[in-house]
**Student:** 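Provided herewith is a single structure, encoded as structure tokens, for subsequent inquiry.
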Amino acid sequence: MQRLTLLDGPKFQITIKRLCHQLIENHNLFENSVILGIQPRGIFLAKRIVEELKISLPKVKIESGNLDITFFRDDFRRKDGLLIPSSTEIDFIIEGKKVILVDDVLWTGRTIRAAMDALQSFGRPEKVELLTLVDRRFSRHLPIEADYIGIKVDTIASQKVIVSWKETDHEDKVILLSEK
């Protein structure tokens, strides 16, 4: 396997800061906006985004939570074994709000579609936006595009994008794995 580091070190943190500045440009003081990390790996990016926003906007309350999509996926019945869902943590109303869905990698679009289906259980948002750290272009199965993108990567199906988080993997890094 060939490993190519796409993002790490200071560039990783700069990318998160840039995404936060773009959010501030579009959502001002987040009066009517909420941030939802998609379980399991989108929650790490969502937490980082919220932490960084609190530094830039210390007096602003930013509502955030986690969204589990396990039983909304179109492939959940095809998996072998017992499914163990993650937790959904939404302690606010999303009805009429601007929802920013956050995930680490956008690839086929199926995860985002499942997240939009799951979101409907909590009300009807005014608008839904997508923020992703890595956009794997040219692999979409559904017509879904991100509003906020950390980095764009042109990949083929045999390649893998691995996002490592300090919280679980001891380092912040994005790696592209390819067969030799």
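Numbering of residues begins at 1 and proceeds along the displayed sequence. Excluded from the calculations below are hydrogen atoms, water molecules and symmetry mates; all remaining heavy atoms, backbone and side chain alike, are included.
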**Student:** List the atom of Ile69, the atom of Ala118, and the distance in Å for their closest heavy-atom pair.
**Tutor:** CG2-CB, 4.3 Å
**Student:** Ignoring hydrogens and geometry, is there a side-chain-to-backbone donor-acceptor pair from Asn32 to Gly96 under 3.5 Å?
**Tutor:** yes
**Student:** Does any N or O in the side chain of Arg113 come within less than 3.5 Å of the main-chain N or O of Pro143, such that one atom is a donor and the other an acceptor?
**Tutor:** no
**Student:** Please check if the number of heavy atoms outside Ile93 that lie under 6.0 Å from its CD1 is greater than 12.
**Tutor:** no
**Student:** State, yes or no, whether a side-chain contact exists between Gln159 and Leu177 at a heavy-atom distance under 4.5 Å.
**Tutor:** no
**Student:** Can you list every pair that meets ring pair (Phe, Tyr, Trp, His ring centres under 6.0 Å) and has a residue in residues 10-42, with sequence neighbours left out?
**Tutor:** Phe12-Trp165, His27-Phe30
**Student:** Please report the shortest heavy-atom distance between Val153 and Val134, naming the atom on each side.
**Tutor:** CG2-CG1, 3.8 Å
**Student:** Arg140 side chain to Trp107 main-chain N or O, any donor-acceptor pair under 3.5 Å?
**Tutor:** yes
**Student:** With a 3.5 Å distance limit and no angle check, can you tell me whether Ser164 reaches the backbone of Asp169 through a side-chain donor-acceptor pair?
**Tutor:** no
**Student:** Taking all atoms of both residues into account, what is the closest heavy-atom pair of Ile43 and Pro40, and its distance?
**Tutor:** CG1-O, 3.1 Å
**Student:** Under 4.5 Å between side-chain heavy atoms, hopping through other hydrophobics if needed: is there a path connecting Val102 to Val60?
**Tutor:** yes
**Student:** Check each of Glu63, Glu126, Glu31 against Lys97 using the salt bridge (charged side-chain N to carboxylate O under 4.0 Å, His left out) test, and report the only one that passes.
**Tutor:** Glu63
**Student:** For the CD1 atom of Ile151 and the CG atom of Leu19, what is their distance to the nearest 0.5 Å?
**Tutor:** 10.5 Å
**Student:** For the pair Ser178 and Gln2, evaluate side chain to side chain donor-acceptor pair (under 3.5 Å) and give the outcome as yes or no after the intermediate values.
**Tutor:** CA-CA 5 Å; Ser178 305; Gln2 186 178 20; 4.9 Å; no
**Student:** Can you tell me how far the CD atom of Glu129 sits from the CD atom of Glu145, to the nearest 0.5 Å?
**Tutor:** 14.0 Å
**Student:** Dump the intermediate steps for salt bridge (Lys or Arg N to Asp or Glu O under 4.0 Å) on Asp135 and Lys152, then the final yes or no.
**Tutor:** CA-CA 5 Å; Asp135 181 0; Lys152 293 179 184 180; 5.7 Å; no
**Student:** Heavy atoms, side chains only, cut-off 4.5 Å: are Ile49 and Ile35 in contact?
**Tutor:** yes
**Student:** The test is side-chain contact (heavy atoms from CB on, under 4.5 Å); show your working for Thr168 and Phe44 and say whether it passes.
**Tutor:** CA-CA 9 Å; Thr168 57; Phe44 300 115; 3.3 Å; yes
**Student:** Answer yes if Tyr148 and Leu119 sit in the same cluster of Ile, Leu, Val, Met, Phe, Trp and Tyr residues linked by side chain heavy atoms under 4.5 Å apart, and no otherwise.
**Tutor:** no
**Student:** Strictly distance-based, threshold 3.5 Å: is any side-chain N or O of Thr5 a donor or acceptor partner for the main-chain N or O of Leu7?
**Tutor:** no
**Student:** Using a strict 4.0 Å threshold on nitrogen-to-oxygen distance, state whether Glu167 and Lys47 make a salt bridge.
**Tutor:** no
**Student:** Hey, what do you get for NZ (Lys98) to CG (Leu23), rounding to the nearest 0.5 Å?
**Tutor:** 12.0 Å
**Student:** Indicate the atoms forming the closest heavy-atom contact of Leu142 with Gly109, along with that distance.
**Tutor:** CD1-O, 3.7 Å
**Student:** Starting from the C-alpha separation in whole Å, work towards a yes-or-no answer on side-chain contact (heavy atoms from CB on, under 4.5 Å) for Leu6 and Ile175.
**Tutor:** CA-CA 6 Å; Leu6 303 174; Ile175 296 171; over 6 Å; no
**Student:** Are Ile90 and Val128 connected in a single hydrophobic cluster, I mean Ile/Leu/Val/Met/Phe/Trp/Tyr linked by side-chain heavy atoms less than 4.5 Å apart?
**Tutor:** yes
**Student:** Would you indicate whether the side-chain heavy atoms of Met116 and Ile144 approach each other to under 4.5 Å?
**Tutor:** yes
**Student:** Applying side-chain contact (heavy atoms from CB on, under 4.5 Å), run through Val99 and Leu36 and close with a yes or a no.
**Tutor:** CA-CA 7 Å; Val99 175; Leu36 291 178; 3.8 Å; yes
**Student:** Going from OG on Ser56 to CD1 on Ile24, what distance comes out if it is rounded to the nearest 0.5 angstrom?
**Tutor:** 4.5 Å
**Student:** Please check this pair: side chain of Arg41 against backbone of Val163, looking for a donor-acceptor N/O pair closer than 3.5 Å.
**Tutor:** yes
**Student:** Considering all heavy atoms of both residues, which atom of Phe72 and which atom of Ser121 are nearest to each other, and what is their separation?
**Tutor:** CZ-OG, 3.7 Å
**Student:** Should Phe92 and Ile62 be counted in the same cluster of Ile, Leu, Val, Met, Phe, Trp and Tyr side chains packed under 4.5 Å apart?
**Tutor:** no
**Student:** State which residues pass side-chain hydrogen bond (donor to acceptor under 3.5 Å, both in side chains) with Arg18; sequence neighbours excluded, sorted by chain then number.
**Tutor:** none
**Student:** Report the distance from atom CD1 of Ile38 to atom OG1 of Thr111, rounding to the nearest 0.5 Å.
**Tutor:** 7.0 Å
**Student:** Ignoring hydrogens and angles, tell me if any N or O in the side chain of Glu95 forms a donor-acceptor pair with the backbone of Arg124 under 3.5 Å.
**Tutor:** yes
**Student:** Would you say the side chain of Leu101 lies within less than 4.5 Å of the side chain of Leu67, judging by non-hydrogen atoms?
**Tutor:** yes
**Student:** Can you check whether Gln39's main-chain N or O pairs, donor with acceptor, with Asp68's side chain at less than 3.5 Å?
**Tutor:** no
**Student:** Determine the sole option in Leu133, Ile16, Leu53 for which the side chain to side chain contact (heavy atoms under 4.5 Å, CB included) test with Arg48 is passed.
**Tutor:** Ile16
**Student:** Gln120 side chain to Asp117 main-chain N or O, any donor-acceptor pair under 3.5 Å?
**Tutor:** no
**Student:** What is the minimum heavy-atom distance between Ala146 and Thr132, and which atoms define it?
**Tutor:** CB-CG2, 3.6 Å
**Student:** Between Asp147 and Leu130 (side chain of the first, backbone of the second, donor and acceptor by atom type, cut-off under 3.5 Å), is there such a pair?
**Tutor:** yes
**Student:** Roughly how far, to the nearest 0.5 Å, is NZ of Lys160 from CZ of Arg136?
**Tutor:** 9.5 Å
**Student:** Test side-chain contact (heavy atoms from CB on, under 4.5 Å) on Val161 and Val174 and set out the steps.
**Tutor:** CA-CA 7 Å; Val161 173; Val174 178; 3.9 Å; yes
**Student:** Taking the side chain as C-beta and beyond, is there a heavy-atom pair between Lys17 and Glu52 under 4.5 Å?
**Tutor:** yes
